[in-house]
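Predicted model only: the values in this text are computed from it and were never measured.
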Amino acid sequence: MVAIWAYSWIVMKQVMRWAGPFDFAALRFGLGALVLFAVLVLRGHSLRPPPLGLTLAVALCQTAAFQGLSQWALVSGGAGRVSMLAYTMPFWSVLFAWWLLRERPGRRQWLGIALAVVGLVFIIEPWHALGSSQSTLLALAGGGLWGLGTVLTKRMFELHHPPALSFTAWQMLLGSLMLALVAWLVPQRAIEWTAGMVLGLLYAAVLASSLAWVLWFLIIDRLPATVASLSSLCVPVTAILMAWAFLGERPDAAESLGIALILGGLIIVSGMGLRQKR
């Protein structure tokens, strides 16, 4: 799962040569939703949609906004840098949970957030020309809306307990329709249906948007929560290494320090310590 999701950032960056960000995101999640609905049919599960209000809210935040903004950020930003900024989602989740669910952050969470803020300063490097500030802001906004979508998803499962696969398929379908509307309204470059574009779309839709979600469900079901959380944090780190290897995106000293601080903050916020009970 980590390898599939990490390499998807490389694919998402590369396909920007042949398609606009919103066109690609809409196609990716539309096709991914069809794959998930096919899985539901083959497994004999109900296609009844979950409660529409929260499903629409999660689709807007978690699929349309997060994925659309992240794909847009990749137009001018590096794949490794954008993936790390997008994966600041747990920090935003803590803050949104405080606001919406009245879950007040503890000292550990505040320490993790403080480390992340310092790390962001080193990644943005405000003492230099801003340069890719647009990409940075888009990736952070995407991570923030993903965090809000995570809190809304938690509320959905607390109130209505929908089947996870069905809920994922419906919110992905609704999110892809929102992305299609944005793609229709916002001028973009025409899609070039090259072999690279088709292969990138199939990878992002079938592997990253469908198979990886099934693997994620299996991880959550069969492994401890700590291991599952650790595996998700490995995605941006692996994406940074892959971007270095495949795209030549080598972080400078300040970015490397910022990445390390954000990763440390993520580990603290996720509650993962060195000593675990067997």
Side-chain angles (χ1 to χ4, degrees), residues 4-39 55-83 85-87 89 132-146 148-149 168-213 235-236 239 242-243 246-247 249:
I4 291 173
W5 269 345
Y7 190 68
S8 71
W9 290 95
I10 310 302
V11 172
M12 289 160 61
K13 176 65 177 179
Q14 291 175 323
V15 297
M16 289 298 90
R17 292 179 287 179
W18 305 299
F22 302 114
D23 284 332
F24 179 76
L27 289 169
R28 168 189 176 178
F29 289 101
L31 182 56
L34 291 177
V35 172
L36 290 180
F37 277 111
V39 172
T55 305
L56 275 171
V58 172
L60 174 62
C61 295
Q62 192 160 290
T63 295
F66 166 60
Q67 299 294 344
L69 291 172
S70 297
Q71 193 70 54
W72 190 6
L74 286 169
V75 173
S76 58
R81 177 189 179 112
V82 169
S83 67
L85 293 174
Y87 268 82
M89 175 271 291
S132 59
S133 60
Q134 179 185 5
S135 172
T136 297
L137 292 175
L138 289 171
L140 286 175
L145 287 164
W146 184 14
L148 177 57
T168 302
W170 276 103
Q171 70 87 21
M172 191 177 292
L173 174 63
L174 294 173
S176 68
L177 294 176
M178 297 177 195
L179 285 166
L181 177 61
V182 174
W184 180 59
L185 294 173
V186 177
Q188 299 172 85
R189 60 176 300 167
I191 299 176
E192 298 179 40
W193 290 102
T194 63
M197 170 63 187
V198 173
L199 291 174
L201 178 60
L202 290 175
Y203 182 96
V206 179
L207 296 182
S209 299
S210 301
L211 175 61
W213 276 105
V235 173
M242 286 183 172
F246 296 123
L247 303 178
E249 297 177 3

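- Using modelled atom types, one side-chain atom of Ser210 and one backbone atom of Gly32 make a donor-acceptor pair closer than 3.5 Å.
- Here the CG-OG distance, from Leu181 to Ser176, works out to 11.5 Å after rounding to the nearest 0.5 Å.
- The backbone N or O of Ala204 lies less than 3.5 Å from a partner atom in the side chain of Ser209, making a donor-acceptor pair.
- Here the straight-line distance linking atom CD1 of Ile4 with atom CG of Leu211 works out to 4.5 Å at 0.5 Å rounding.
- Taking every heavy atom of both residues into account, Leu148 and Cys61 meet most closely at CD2-SG, 3.7 Å.
- Remark: Leu36 CG to Leu31 CG distance equals 10.0 Å, nearest 0.5 Å.
- When all heavy atoms are compared, the tightest approach of Ala59 to Gly175 is CB-N, 3.6 Å.
- For residues 186-200, the salt bridge (charged side-chain N to carboxylate O under 4.0 Å, His left out) pairs, not counting sequence neighbours, are Arg189-Glu192.
- Between Leu247 and Ala79, the shortest heavy-atom contact is CD1-CB, 4.0 Å.
- No side-chain heavy atom of Val11 sits under 4.5 Å from any side-chain heavy atom of Leu199.
- The local environment of CH2 in Trp5 is crowded, with over 12 non-hydrogen atoms from other residues, nucleotides or ligands closer than 6.0 Å.
- One distance of note links CZ of Phe22 with CH2 of Trp184; it measures 15.5 Å at 0.5 Å rounding.
- Inter-residue side-chain proximity for Trp193 and Leu201 is flagged as met; some heavy-atom pair is nearer than 4.5 Å.
- Without hydrogens or angle criteria, Gln71 side chain to Met12 main chain gives a donor-acceptor distance under 3.5 Å.
- Within the 4.5 Å cutoff, the side chain of Leu27 has heavy atoms near those of the Ile191 side chain.
- Pairing each heavy atom of Leu74 with each of Val82, the nearest pair is CD2-CB, 3.9 Å.
- When every heavy atom of Ala208 is checked against every heavy atom of Arg28, the shortest pair comes out as CB-NH2, 3.7 Å.
- Rounding to the nearest 0.5 Å gives a distance of 11.5 Å between CD of Gln62 and OG1 of Thr55.
- In this structure, CG on Leu174 lies 5.0 Å from CG on Leu56, to the nearest 0.5 angstrom.
- Checked against the 6.0 Å centroid threshold, Trp18 and Phe24 do not count as a close aromatic pair.
- Thr63 is not listed as a side-chain neighbour of Met178, based on a closest heavy-atom distance of 4.5 Å or more.
- For the pair Gln188 (side chain) and Asp23 (backbone), a donor-acceptor distance under 3.5 Å is present.
- The two residues Phe37 and Ala169 have their closest heavy-atom pair at CE1-O, 3.7 Å.
- The stretch residues 64-80 participates, sequence neighbours left out, in no salt bridge (charged side-chain N to carboxylate O under 4.0 Å, His left out) pair at all.
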